[in-house]
2 protein chains.
Amino acid sequence: MTDRVAGPRARPDDLTAKARIRREALHLFAEHGVGATSLRTIAASAGVTVGLIVHHYGTKEALCDAVELEVVDLFAEAIASVPVDDRPAADLVAARDVAVAEMLADNPAVVDYLRRAILHGGGDRKDLVSRLTELTAQQVRDLRTAGLASTRQTVGEQVVTIMVRQLGRLFLQPLVDRIAEEFDDLAGPSRPQLLVTLTR
Amino acid sequence: MTDRVAGPRARPDDLTAKARIRREALHLFAEHGVGATSLRTIAASAGVTVGLIVHHYGTKEALCDAVELEVVDLFAEAIASVPVDDRPAADLVAARDVAVAEMLADNPAVVDYLRRAILHGGGDRKDLVSRLTELTAQQVRDLRTAGLASTRQTVGEQVVTIMVRQLGRLFLQPLVDRIAEEFDDLAGPSRPQLLVTLTR
DNA sequence: ACACTTCCTATACAGTTGTACAGTCTTTTA
DNA sequence: TAAAAGACTGTACAACTGTATAGGAAGTGT
């Protein structure tokens with residue numbers, strides 16, 4: 001985390017106002033999009049005033065950056081949480097996939113936020129996808145220098161494969177669910193599941 | 001189309017102001033999202049004043065509805081454009097898939113708009129996904145009563161399959177492209193392609 | 001006790017938003 | 001040609017936007 005260090009008024013169980021602002025921003029951004037979320041809405045949700053948001057983050061864009069940084073941190077933490085003992089490479093990769101999947105399951109807002117961030121994309125700003133790609137690429141490179149990853153594909157190919165595996169289903173499943181909603185016989189656990197693969 | 005009938009000032013080759021407004025709205029909504037697009041921006045792009053938008057569409061939400069209706073019409077037209085002669089069912093379905101794919105290739109803004117609309121997801125309003133689902137369901141039912149579609153799956157299953165096949169790749173491909181951008185060796189035509197399938 | 005830093009509220013401001021409306025053209029109808 | 005209808009502009013307005021800033025409250029260090 002970027003600054004979950006206990007500030008002056010931080011109580012042990014509760015969150016700092018600064019952290020609360022960031023958390024509510026994440027949830028509201030995920031639900032309504034950045035453009036459609038005003039600072040006043042965030043302030044109200046976090047139980048503070050607009051001024052405090054400005055005090056802590058300066059501008060709305062800086063707040064967005066902080067939110068994105070927190071999301072990236074969540075990924076990094078999930079990956080770092082699995083130890084790199086001398087197990088086979090396939091095991092390690094699978095364990096990391098599981099850790100990321102669990103993190104995403106615990107933080108549905110992250111999934112929604114990511115979905116939006118992906119297509120909003122582009123522009124000049126160094127954005128979320130770039131950061132996540134960088135994170136994954138570093139992960140792949142580490143595995144390679146440790147002799148744990150195949151070098152028959154390029155790094156790029158491996159990164160794309162990993163990210164699509166991790167994110168692909170999450171992006172498309174809501175569409176499937178939305179459609180399934182409209183048919184009685186598709187309700188329940190027998191709902192169709194997506195399978196996303198890559199060809200070349 | 002809903003109202004491409006020639007109005008008073010419609011010139012043969014050009015578009016009515018009303019249609020121009022709708023078209024620019026579609027493009028701007030697709031690029032920046034509905035919430036981040038103001039009526040004044042749309043007016044400027046269409047070369048009219050805000051007042052005219054209000055005059056023709058009343059409210060911004062009504063304009064959104066009109067845009068969505070036009071998108072649905074594009075799908076319906078694409079499907080209706082392939083004749084239903086007595087060819088095998090598989091041929092017909094494939095031809096319709098091609099027609100839809102061509103329509104989407106001709107209207108990239110529709111793809112971008114759809115991507116946004118899908119995840120913005122609904123609330124109370126009868127939204128785009130519902131309408132497209134309805135359209136596809138009708139298509140499936142027609143094929144069934146004509147004895148051209150299998151009845152071994154439920155209608156719902158067939159609808160989901162068709163829509164995911166048609167839309168799935170379009171949604172995920174931008175993510176792949178974005179990631180591929182960051183690696184030199186993934187540029188060009190050999191870019192990885194997605195394959196989206198359904199399991200049950 | 002003091003100053004000092006940090007957290008936080010309140011208010012203000014210029015710019016933008018969606019909507020409303022009065023009025024002016026232009027076309028159609030009769 | 002007169003009148004009715006529709007297309008279109010310009011201006012106005014209340015509500016909301018992000019940002020700025022002055023000042024109070026609460027903590028820490030000396």
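So you know, we letter chains A, B, ... as the sequences are listed, proteins then strands, and number each from 1.
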In whole angstroms, how far is the C1' atom of C:dC7 from the CD1 atom of A:I21?
10 Å
Between A:S130 and B:R178, the two heavy atoms sitting closest are OG-NH2, 3.9 Å
Provide, to the nearest angstrom, the distance between the CG atom belonging to A:L28 and the P atom belonging to D:dG18.
12 Å
From the list C:dC8, C:dT19, D:dG10, which nucleotide is the closest neighbour of the side chain of A:A17?
C:dC8
Separation of C:dT16 atom P from A:K60 atom NZ, nearest Å, is 15 Å
Of B:V34 and A:I53, the one whose closest nucleotide on DNA chain C sits nearer the 5' end is A:I53
A:Y57 OH to C:dT6 C1', straight-line distance once rounded to whole Å:
15 Å
Regarding A:T41, tell me which of base, sugar-phosphate or nothing describes its non-hydrogen contacts under 4.0 Å with the strands shown.
nothing
Could you state the atom-to-atom distance from CG of B:L52 to P of C:dA22 in whole Å?
18 Å
Any idea which of D:dG18, C:dT9, D:dC13 is nearest the B:R40 side chain?
D:dC13
Could you tell me how far apart B:E61 (CD) and C:dT17 (P) are, to the nearest whole angstrom?
18 Å
When rounded to whole Å, the CG to C1' distance for the pair A:L63 and D:dT19 reads 14 Å
B:S38 near the nucleic acid: base, sugar-phosphate alone, or nothing, with a heavy-atom cut-off under 4.0 Å?
sugar-phosphate
Transitive ILVMFWY side-chain link B:V54 to B:I42, under 4.5 Å:
no
Between D:dT9, C:dT19, C:dC7, which nucleotide gets closest to the side-chain atoms of A:H56?
C:dC7
Whether the B:Y113 and B:E68 side chains hold a donor-acceptor pair (N or O, under 3.5 Å, no angle test) is what I'd like checked.
yes
Indicate whether the side chain of B:T136 and that of B:T133 have a donor and an acceptor atom separated by less than 3.5 Å.
no
Let me know the distance between CG of B:L39 and P of C:dA20, rounded to the nearest Å.
12 Å
Below 4.0 Å: OP1/OP2 of C:dC7 and any side-chain N or O of A:H55:
yes
For A:V48, answer base if it contacts any base atom (sugar-phosphate contacts may also be present), sugar-phosphate if it contacts only those atoms, and nothing otherwise; contact means non-hydrogen atoms under 4.0 Å.
sugar-phosphate
Side-chain contact test, heavy atoms from C-beta onward, threshold under 4.5 Å: evaluate it for A:I79 versus A:Q139 and give yes or no.
yes
